[in-house]
**Student:** 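Sharing a structure with you now.
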Amino acid sequence: MKYLLIPTFIALISLTSVVRGEEGKLEVNGLTFKFATPWAEIQSTGMFRAGTLTAKVEGAEKPVEAVFYSFPGPGGGGDTEANVKRWLGQFQGTPESKREELDAGGKKITLVTATGTYNDGPPMGAKTPRENYSLIAAIVPAGESNIFVKLTGPKDAIAKLADDFKKIVLSPFAK
């Protein structure tokens, strides 16, 4: 019996390695976003949350979440400028920020990065100031409306995920 446990244990370890290396897919508004380790999909809660990815990162007390928002109807969720202004307004004072326009096969993805004291909390609830926090957010065109993707957390942790985040938001348009 004990001789059967060793091959079973080895098989389980091998299977776990294969699963970790697999690429995941998240479907939002007809677009397929691809992700890989350290990202994993978790169940989304909230009215306009269309998907949530989480990643465990050294330097963060808890896993960080990239939340995908989708609002119904043409222009749902507001235009690009209103969202950029709202995201920057979630910081105390004026955060250190950068805006990029990424070309995704003829589509324009707006990417915003900001760092400072972030006011963490629900849209209509009490906020907790988080010093030295960063936000990376993207506006991804999807038919008549946009998909809004937002990642916040400790500055160092978010910096480690920045390249992966860009790959994820560009992935529906990669050939």
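Here the structure is a predicted model, which means the values were calculated and not measured. The first residue of the sequence shown is numbered 1, and numbering continues consecutively from there.
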**Student:** Which residue in the set Phe33, Phe165, Phe35, Phe148 passes ring pair (Phe, Tyr, Trp, His ring centres under 6.0 Å) when paired with Phe68?
**Tutor:** Phe33

**Student:** Counting heavy atoms not belonging to Glu144, are there more than 12 under 6.0 Å from its CD?
**Tutor:** no

**Student:** Could you pull out the closest heavy-atom pair between Ala142 and Asn29, with the gap in Å?
**Tutor:** CB-CB, 4.0 Å

**Student:** So with a 6.0 Å cut-off around CD of Gln43, is the heavy-atom count from everything else above 12?
**Tutor:** no

**Student:** Do Pro172 and Val28 have side-chain heavy atoms sitting under 4.5 Å apart?
**Tutor:** no

**Student:** A side-chain contact here means heavy atoms from C-beta on lying under 4.5 Å apart; do Ile158 and Tyr133 qualify?
**Tutor:** no

**Student:** Taking all atoms of both residues into account, what is the closest heavy-atom pair of Ala104 and Ile109, and its distance?
**Tutor:** CB-CD1, 3.8 Å

**Student:** Taking the side chain as every heavy atom from C-beta outward, state whether Asp103 and Phe173 have any atom pair closer than 4.5 Å.
**Tutor:** no

**Student:** Quick one: are Val57 and Pro154 in side-chain contact, heavy atoms under 4.5 Å?
**Tutor:** no

**Student:** If you take all heavy atoms of Ile136 and Leu111, which pair is closest and at what distance?
**Tutor:** CG2-CD1, 3.7 Å

**Student:** Near Lys56 NZ, under 6.0 Å, is it more than 12 heavy atoms from other residues, nucleotides or ligands?
**Tutor:** no

**Student:** Does Pro95 reach the side chain of Leu88, with side-chain heavy atoms less than 4.5 Å apart?
**Tutor:** yes

**Student:** Step by step, would you call Gln90 with Thr152 a side-chain contact (heavy atoms from CB on, under 4.5 Å)?
**Tutor:** CA-CA 11 Å; Gln90 293 173 328; Thr152 58; 5.9 Å; no

**Student:** Taking Thr110 as the fixed residue, which of Val169, Val140, Ile139 is the one that meets the side chain to side chain contact (heavy atoms under 4.5 Å, CB included) rule?
**Tutor:** Ile139

**Student:** State whether the number of non-hydrogen atoms from other residues, nucleotides or ligands found under 6.0 Å of Lys160 atom NZ is greater than 12.
**Tutor:** yes

**Student:** To check you understand the geometry: which heavy-atom pair defines the closest contact between Ser145 and Gly73, and what is its length?
**Tutor:** CB-O, 3.5 Å

**Student:** Less than 4.0 Å between a side-chain N and a carboxylate O, is that true for Glu96 and Lys98?
**Tutor:** no

**Student:** Given Thr52 and Thr54, is the side-chain contact (heavy atoms from CB on, under 4.5 Å) satisfied, shown in steps?
**Tutor:** CA-CA 7 Å; Thr52 305; Thr54 186; 5.5 Å; no

**Student:** Any ion pair linking Glu65 and Arg49 (charged N to carboxylate O, less than 4.0 Å)?
**Tutor:** yes

**Student:** Do Phe71 and Phe48 have ring centres separated by under 6.0 Å?
**Tutor:** yes

**Student:** Do you know the tightest heavy-atom contact between Glu41 and Lys25?
**Tutor:** OE1-O, 3.8 Å

**Student:** Shortest non-hydrogen contact from Asn119 to Gln92?
**Tutor:** OD1-NE2, 3.2 Å

